[in-house]
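This chain uses plain numbering: 1 for the first residue, then up along the sequence. The figures that follow rest on heavy atoms only: side chains count, while hydrogens, waters and symmetry mates do not.
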Amino acid sequence: MMAKFQFNSTRRCAQGTSRLALGAAMVAVFAAPAFAQDASSAESEEDAIVVTGFRASLENAVNEKKNNDQIVESVSAEDIGKLPDASIGESIARLPGVTSQRLNGRSNNISIRGFGPDFSQTTLNGREQTSTGDNRAVEYDQYPSEIVSQVVVYKSPTASLVGQGLVGTIDIRTVRPLDYGKSVLAVGARGTYADLGALNAGSKKYGYRANGTFIDKFADDTIGIALSASYVDEPYQLQEFNAWGYAGSGTTASPAVIGGSKSYVTSTQLKRLGLNGTLQYQASDTVRMTLDAFYSNFNDDQSKRGIELPLGFGAFGTAFNQATATASDGFVTAGTFTNVRGVVRNDIYQRKADLYSFGYNAEYTGDDGWTAFIDIGYSRTDRNELSIESYAGTGFNGDDTGNGAAATIGFKSGPTGTVFSPNIDYSNPAVIRLTDPLGWGGGTVPQAGYYNNRIVEDELKQYRVGVEKELDGFFSAVKFGFNYTDRAKSLTPDEAFVRLPGTALQATIPAQNLLRSTNLSYLGLGPIVSYDTRDLLAGGALVLEKRVATGPNAANDVLSKTYSVSEDLMTAYVQADIEQEMGNKTLTGNVGVQVINTEQNSRGFIFPPSGPRSITLGDNFWDVLPSLNLSMRFESDYVIRFAASRQIQRPRLDDLKVSIGYGIDTSVPRGLIRGGGGNPFLRPYRANAFDLNFEKYFGNAGLISAQLFYKDIKSFIFGGRIPFDYSGFPAPTGASGYPNLPTIGTLDAPINTGGGKLYGGELAATVPFSTFSTALDGFGITGGVGYTKSKVRDAGGNVTTIPGYSKWVANATAYFEKWGFNARGSVRYRSTFLGDFTGFGGSPTRRTALAEMIVDGQIGYDFQEGSSLQGLSLYLQGQNLTDERFASVGANRNQVIDYQIYGRRFLAGFNYKF
């Protein structure tokens with residue numbers, strides 16, 4: 001990209017010409033050339049300062065922050081189809097006060113100012129989006145980085161910002177062809193290499209992605225079109241240690257010892273097709289129409305192979321040989337378990353999702369100061385998430401006859417988990433057979449696995465209108481708007497037992513289905529028998545059996561997972577923009593209020609004695625959200641900002657579900673109905689927020705900023721107990737024995753609590769070294785460090801940890817870019833946090849994750865003007881160069897629960913722009 005930056009220092013320039021549904025009217029990065037061609041500029045093409053590549057991306061981010069009246073951070077594409085990082089999540093995670101969590105080796109979940117992904121909102125071109133996840137949080141690998149021109153993180157809201165989150169709103173933007181200013185055809189490709197190798201049979205260590213973009217204008221520049229396509233076929237590998245937990249109290253008298261282990265080698269093949277298109281029509285000097293479309297086909301296929309071992313908890317007859325134990329500081333570091341019956345696991349996890357997003361915007365810009373727009377958005381996600389577990393072992397339900405022998409296993413535990421030394425060869429198909437080794441099927445019928453298909457449908461419709469009138473005086477403009485959002489999300493589980501056919505208790509694995517053994521030597525367990533469970537089901541070696549006679553979904557525990565939540569949100573806002581000269585300073589900003597009416601309904605099941613019953617419950621309520629943003633701009637390029645606002649975030653969708661089981665507490669003399677489940681009456685998270693920023697800019701190229709923030713959290717959500725009216729429910733078991741049984745009982749569910757507070761600060765800098773000396777032109781640094789203190793209280797009034805919270809986050813990138821050469825090294829750090837892991841049955845669970853530091857690097861070359869290869873860029877990237885682990889611990893540092901190694905990844909590729 002070749003962009004000439006001559007930005008006006010006033011707020012007007014940052015607003016651009018296109019007012020999208022978000023209401024923030026700022027041009028995307030690729031509009032920069034349009035500004036550069038200001039007719040009043042006397043600067044010639046030859047005299048213009050040309051900035052390209054990563055430095056251009058940084059300059060756009062500096063200008064976005066400088067010219068915006070909100071507190072924002074942003075990242076822009078270096079060129080068409082070329083974000084500074086390999087994924088959107090990684091690029092966002094380098095912004096001040098922002099970080100990410102790696103899932104399957106990918107930076108997929110974003111945390112802003114110490115809050116996890118459930119506390120922020122993501123939009124695409126200003127429109128709210130559905131998600132491939134279970135709740136509202138967007139998973140960023142659903143959006144190809146090649147289609148993105150800019151990402152803006154709003155840390156403070158305005159009244160016109162619809163769909164805001166509690167700690168921030170992330171807007172993903174695609175290119176506007178009429179603003180881009182030139183015709184472009186760009187293509188790119190890259191190969192990837194995972195240095196852990198192909199850990200499972202059928203997996204790969206090499207992958208690739210390819211992309212293309214076309215932008216052009218027609219009909220005297222009144223019609224613009226932008227088309228982008230991206231295809232990914234890349235492997236991800238994982239070596240994992242996982243502990244059930246630790247037995248013992250952790251004292252010298254009762255040292256902690258590993259209670260059990262379920263460790264896997266996981267191979268993931270990610271295939272994703274992303275298509276994006278934008279059509280713009282300048283119908284007249286005053287009317288512009290924009291049509292956006294985005295489609296993503298996402299297929300994440302995982303093979304998980306490992307061994308589950310019952311150990312120190314003494315389950316299933318396992319015994320700990322105390323005589324062999326070595327302990328230190330209340331922790332057993334080595335010893336031996338006897339009578340261990342391991343379960344060899346060959347599990348499949350496959351997520352398939354189709355995401356559709358469409359938007360239409362029509363904007364009127366009059367020459368009399370009036371503007372108006374209408375915006376329509378539609379987003380839908382259809383997802384199937386299939387998990388198939390398969391069990392094998394030496395014999396059925398602890399049978400010691402024949403090959404049903406138990407193992408003696410030595411072990412050593414330390415800060416990276418536990419390494420074992422068994423006396424059984426788990427790779428021998430004559431020893432390891434399809435069966436139910438631990439009697440999970442009830443002891444008489446073998447359960448050789450479990451089938452769980454989660455079907456999720458998520459649909460969102462958004463309609464918005466707005467009017468703006470420019471004014472003279474202290475208030476430069478006033479805006480009015482109305483938005484209606486209709487969202488519905490449902491989960492339908494389809495579950496069944498995996499059995500052996502007929503009455504067999506165990507069976508030999510068919511020879512034709514045996515695959516190359518998976519090596520668990522990093523755990524000391526050696527190779528294990530491997531097969532694809534889907535092949536065994538297709539060939540009849542394993543069969544599916546309904547949970548109950550009436551169908552796979554009729555069991556109460558399955559029905560309790562079912563939910564359907566709908567929301568109708570009506571939002572109205574009024575906002576006045578401020579622009580006032582004050583001597584050698586300029587005051588800009590806005591003040592306004594947003595009013596939201598929420599009608600939420602949830603359909604699910606209650607579980608009276610007569611059997612499950614479908615029911616719909618919900619609520620209706622209002623939120624009033626005032627906001628103020630002020631920026632004092634000095635001629636010396638200092639900016640002081642202050643923001644105050646009321647902020648909300650709607651609850652997790654699965655917290656709103658109706659799934660209530662109930663009965664009588666007979667310990668209460670008159671009887672009392674007590675129940676548990678979801679809470680369809682939940683109110684949003686709510687907070688009063690204050691921000692104070694001090695910023696020093698170095699022209700349009702650099703900045704140093706200090707940001708202070710405080711959130712007075714008025715309402716949070718934790719598990720607790722609330723009064724609940726059971727008057728419309730069937731009578732519980734035993735109700736006839738309590739003739740005066742009150743209908744008002746209690747419900748154990750997610751509830752709104754009193755909240756707490758969150759405060760902290762961020763230091764950020766983008767400094768090109770040419771600011772200090774022309775001899776250092778091309779060198780520079782960018783990065784930031786953030787500190788957050790959380791004092792949020794749960795339902796019992798105790799200060800507790802919130803999901804995604806890290807006290808410290810930091811990132812830094814050092815770069816050199818000149819003469820076509822570019823090189824940069826990046827590091828990002830986050831302290832201990834409450835992270836997301838996979839729990840029982842594939843369900844999400846949260847545990848304390850250890851601090852981590854990720855190091856990445858890139859080198860490249862852009863062929864210069866005059867070269868026969870002008871337009872070609874070559875690059876080589878390395879990710880996670882220090883092979884940083886992702887780990888969680890229990891009561892102390894030695895009690896490792898998870899220890900995951902993703903390995904290093906290397907990427908080599910090119911971009912070519914015609």
For the residue pair F716 and Y685, categorise the inter-ring angle as parallel (less than 30°), tilted (30 to 60°) or perpendicular (more than 60°).
perpendicular

Just by modelled atom types, is the A56 backbone N or O under 3.5 Å from a matching donor or acceptor in the N60 side chain?
yes

Evaluate the side-chain proximity of V151 to I88: yes if any heavy-atom separation is below 4.5 Å, no if none is.
yes

Less than 3.5 Å apart, any donor N or O on the side chain of D691 or S156 sitting next to an acceptor on the other?
no

Can you check whether Y638 and F634 have ring centres sitting under 6.0 Å from each other?
no

Between Q121 and Q129, is there a side-chain donor-acceptor contact under 3.5 Å, judged purely by atom types and distance?
no

Testing N590, L587, T588 one by one against E579 for a side chain to side chain contact (heavy atoms under 4.5 Å, CB included), which residue passes?
T588

Excluding sequence neighbours, so at least two apart, what forms side-chain contact (heavy atoms from CB on, under 4.5 Å) with R793?
V799

Side-chain donor-acceptor contact under 3.5 Å, Y140 with Q142
no

Between F816 and F779, does the ring centroid distance fall short of 6.0 Å?
yes

Sequence neighbours excluded, which residues qualify as side-chain contact (heavy atoms from CB on, under 4.5 Å) partners of V785?
L763, W808, A810

Would you please classify the geometry between the F769 ring and the F772 ring as parallel, tilted or perpendicular, with 30° and 60° separating the classes?
tilted

I'd like to check the side chain to side chain donor-acceptor pair (under 3.5 Å) partners of Y815; sequence neighbours left out, ordered by chain and number.
none

Looking at R830 and E884, is there a salt bridge between them, counting it only when a charged N and a carboxylate O are closer than 4.0 Å?
no

